[in-house]
Every structure is written in C-alpha cells, then in structure tokens.
Asks: 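Once you've had a glance at the structure underneath, I'll fire off some questions.
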Amino acid sequence: MSHRRLHRLLLAWYGRCGRAHLPWRKTRDPYRVLVSEFMLQQTQVDRALLAFEAFVQRFPSLESLATASTADVVRMWKGLGYNARAVRLKLLARTLMERFGGAVPSDEASLRSLPGVGPYTAAAVRAFAFDLDDAAIDTNVRRVVHRWLYGLEHPPSASARTLDADARALVPKGRGHAWNSGLMDLGAAICTARAPKCSICPIRTACAAAPIDAASLDAARRRHPRRRAPQEIVPFERSTRYVRGRIVDRLRALPPGKRVSLLDLHRELEPQLGERSIGEFGIVVESLVRDGLVAKSGAGLALRD
DNA sequence: AATCCGGGGGA
DNA sequence: TCCCCAGGATT
C-alpha cells in the first residue's frame, strides 16, 4: 500500500517548519548522532541542546570519548539524569575503538550489540547518520501513527507490534532522515499526547483521528487508564533516586583526585537527605558502585575513573 | 512482564 | 502541587 499523500504532506511540512537546524540534524557524523540519541532518549530537546554542544566540544571525537575518564564523562552529563547512560556511552566508545576500528557500524546487529543501544537507538543511528530507510520508533511515533491509521489511541486499536510494522512500512524510500525527523517534530510540536493541535496539523486531512477534541481525549484517557504500579507513597526526597542524584552531584563537585569517606559524605548530605541511617546510605552508595558510577577504595569515594 | 534509572516542564 | 514524561538493562 502506498502512503504517497502522507509522505507529501509530512515532508513538505518538515521542509517549512521542521527543526533541521538542530546541531545533530545538521551533521551526519555518526559519533555526534550517537551522542545526541543517548541524550534525547531521556531529555527534552531544549535541555539536551546545551548539554550536547558542551559535550561534543569536550569530547569532539569517538577516540577522545574512548580515552576520557568515566568521571569526566559523568561530569559532562550533569543535569541530564540517568547517569548510568553516560557510563554506557563511554563504554560504547571504547568498544567501537577496540572492536570496530573506531567506526560506528551501520548494520543493525552490530549496533544492537553495543552497550546502551536498543531497538530505538539502533534505528535512529541508521536513519540519522546513514540515511537508511529505517524507522526510529518511540512512544511518540507510535502515538502519531496510531492516530493517522486507526484514530484515537484510547483505547488502543492496534498493538505495539502492529504499530511498529506500520511505522516501518511508512518510511519513504530514500528519505529516512527527513521522514524520521519530521515524524518526531510533529509528535513533539503538534500531535502531542495531550491537547494535540489538529487545527494546524499538516496531516489533518489524512488523519483517522482528526480533529481531536482535547476534552474528549482526556475523558477517553481516564476511561482507559494505563496499568500503574502501586503509587509511590514516600515523598521524592525520601526516594532512592533522589539520594543517588545528590550523591553523584556531590562527587561531581569533588576536585579531581580527591576522595570523600562514606561518613563525611553522609554528614555533608544530611541537610538535604534528612534522617537516613548510615547503613541505608551505604546501600545506596553500593548501588552506584554496581552501576559503574562510583569507585570505592580505602581512601574513600569518588566518581569512577 | 515488571521494575529500576533523574530531573524538569506544564496542566 | 500534582501529573507526566522514555528507552534500555536487569531479573
């Protein structure tokens, strides 16, 4: 089945309104694409923008990242969250230098073998660095495709598998880069999860869901609630995530070469952490050690080298 | 299949 | 203030 009308509408809109000026869209350098995709997995474009510029300036090449210390990479990751990804990105760089001759592969199997690269990132690298006709499918893309082809996504009319197959079939031959870029921009700016702007959508005349009324979308969402884990009862400040964040932030600020004892760290962070036993604190530190973020020695704690 | 992993923006 | 956000690894 052909989707020529969809292709024409979205690609024309991307040409007019797309964010082709984003630094990771102006380049085809696979290393930069990889860095941007690692950041964009977890962060909005506006925030990733600043971090990206600083990161590629500090680590301008795969080789420079591969030879950098994990500590320096984690320091450059400040503000982005999910710090284990900084560790994986650094490990990925070393893997590429050692096993792939310093080049980013374009085949899916090789990409998927790399730390931190799953189905989405592998496809994104193929589309954005190599302009291959692959579909980088995240939840935003699934939502957009569902609306186009099946109508409102509450309740779902198609499985994730079906949507993935549809999304792949939609990629116009030879236009992988622009198509994926346009799809993401549409999902971020117009075809949003809540309050989509159908009235200004370039696809509205070819969309099964348009026009979506914000109030009825909200009502449909409430009628079909997504299954949720038992609600987190403790305040965020009591959560492990918060403690981990405070610890890593404190270790980021530690002068290179310096270390801090568990007891001193516990005492320093006490004002932010409230009453939390040293034992409980130590368990959180252990989780950071397991994640490769923190190094523990007789001299104390620091970001891992 | 379910859970963990941050930090921020917007309703 | 509360709700929501997203891919990958682990178990």
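Computed from heavy atoms alone, side chains included, the values below leave out hydrogens, waters and symmetry copies. The sequence lines fix the lettering, A, B, ..., with proteins before strands; numbering per chain opens at 1.
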Asks: Once you round it to whole Å, what is the distance between P of C/dC4 and CD of A/E153?
Replies: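 Interatomic distance, CD of A/E153 to P of C/dC4: 14 Å.
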Asks: Take the protein atom CG of A/L111 and the nucleotide atom P of C/dG8, then report the distance between them rounded to whole Å.
Replies: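 From A/L111 CG to C/dG8 P: 11 Å.
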Asks: Can you tell which of A/R304, A/R88, A/R244 makes a side-chain hydrogen bond (donor to acceptor under 3.5 Å, both in side chains) with A/D291?
Replies: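 Answer after filtering A/R304, A/R88, A/R244: A/R244.
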Asks: Give the rounded distance in Å between these two atoms: CG of A/L92 and P of C/dG8.
Replies: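 Value for this atom pair: 12 Å.
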Asks: Has A/N140 got a side-chain atom pairing as donor or acceptor with A/G187's backbone, closer than 3.5 angstrom?
Replies: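 Looks like no, no N/O pair under 3.5 Å.
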Asks: Roughly, in whole Å, what's the span from CG in A/L251 to P in B/dG6?
Replies: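 Whole-Å distance recorded here is 13 Å.
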Asks: Output yes when at least one side-chain N/O atom of A/R221 is less than 4.0 Å from OP1 or OP2 of C/dC4, else no.
Replies: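 For C/dC4, OP1/OP2 do have a side-chain N/O of A/R221 under 4.0 Å.
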Asks: Would you say the side chains of A/S36 and A/R25 form a donor-acceptor pair under 3.5 Å?
Replies: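 There is no such pair between these side chains.
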Asks: Between B/dC4 and C/dC5, how far is it from one C1' atom to the other, in whole Å?
Replies: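 Their C1' atoms lie roughly 16 Å apart.
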Asks: Expressed in whole Å, how much space separates the P atoms belonging to B/dG8 and C/dA9?
Replies: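 The same atom, P, in both gives a distance of 24 Å.
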Asks: Taking the basic N atoms (NZ, or NE/NH1/NH2) and the acidic carboxylate oxygens, is any pair closer than 4.0 Å for A/R194 and A/D218?
Replies: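 Between A/D218 and A/R194 there is no salt bridge, as every charged N stays at least 4.0 Å from the carboxylate O atoms.
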Asks: Identify all pairs in which a protein N or O lies below 3.5 Å from an N or O of nucleotides 7-11 of chain B, and state each distance.
Replies:
unit_1: B/dG8; atom_1: O3'; unit_2: A/R47; atom_2: NH2; d: 2.5
unit_1: B/dG9; atom_1: OP1; unit_2: A/R47; atom_2: NH2; d: 3.0

Asks: Please report, rounded to the nearest Å, how far the P atom of C/dG8 is from the CZ atom of A/R112.
Replies: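 Rounded to whole Å, this separation is 7 Å.
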Asks: Could you check whether A/V248 gets within reach of a base, just the sugar-phosphate, or nothing at all, counting any heavy atom under 4.0 Å?
Replies: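 Counting heavy atoms under 4.0 Å across all strands, no contact is made by A/V248.
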Asks: Regarding A/T121, tell me which of base, sugar-phosphate or nothing describes its non-hydrogen contacts under 4.0 Å with the strands shown.
Replies: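 If one applies the 4.0 Å heavy-atom cut-off, A/T121 turns out to touch the sugar-phosphate alone, with no base involved.
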Asks: If you find the nucleotide of DNA chain C closest to A/L40 and the one closest to A/P115, which residue's nucleotide is nearer the 5' end?
Replies: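 Comparing both residues, the 5'-ward one is A/L40.
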Asks: Given atom CD of A/E108 and atom P of C/dG8, what is their separation to the nearest angstrom?
Replies: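 Result: 11 Å.
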Asks: Taking both distances under 3.5 Å as the test for a Watson-Crick or G-U pair, what stems of at least three pairs does DNA chain B have?
Replies: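 In DNA chain B, stems of three or more pairs: B:1-5 with C:7-11, B:7-11 with C:1-5.
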Asks: Working to the nearest 0.5 Å, report the span between CG of A/L217 and CZ of A/R222.
Replies: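 With rounding to 0.5 Å, CG (A/L217) is 9.5 Å from CZ (A/R222).
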Asks: Is a side-chain N or O of A/H146 found less than 3.5 angstrom from the main chain of A/G151, in a donor-acceptor match?
Replies: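 Flag set: sc A/H146 to bb A/G151 pair under 3.5 Å.
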Asks: Nearest to the A/P119 side chain among C/dA9, C/dG8, C/dC4, which nucleotide is it?
Replies: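 Comparing C/dA9, C/dG8, C/dC4 against the side chain of A/P119, the answer is C/dG8.
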Asks: With a 3.5 Å distance limit and no angle check, can you tell me whether A/N180 reaches the backbone of A/A135 through a side-chain donor-acceptor pair?
Replies: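 Not confirmed, A/N180 side chain does not pair with A/A135 backbone.
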Asks: Between atom CZ in A/R290 and atom C1' in C/dA9, what is the gap in whole Å?
Replies: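 Interatomic distance, CZ of A/R290 to C1' of C/dA9: 14 Å.
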Asks: Does anything in residues 51-62 of chain A form a side chain to side chain donor-acceptor pair (under 3.5 Å)? List the pairs, not counting sequence neighbours.
Replies: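 Checked against side chain to side chain donor-acceptor pair (under 3.5 Å) - neighbours excluded - the pairs reaching residues 51-62 of chain A are A/R58-A/D72, A/S61-A/S64.
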Asks: CD of A/Q42: more than 12 outside heavy atoms within 6.0 angstrom?
Replies: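 Yes - once you tally the heavy atoms of other residues, nucleotides and ligands closer than 6.0 Å, there are more than 12.
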Asks: Check every strand shown and say whether A/D291 touches a base, only sugar-phosphate, or nothing at a heavy-atom separation below 4.0 Å.
Replies: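 Touches nothing.
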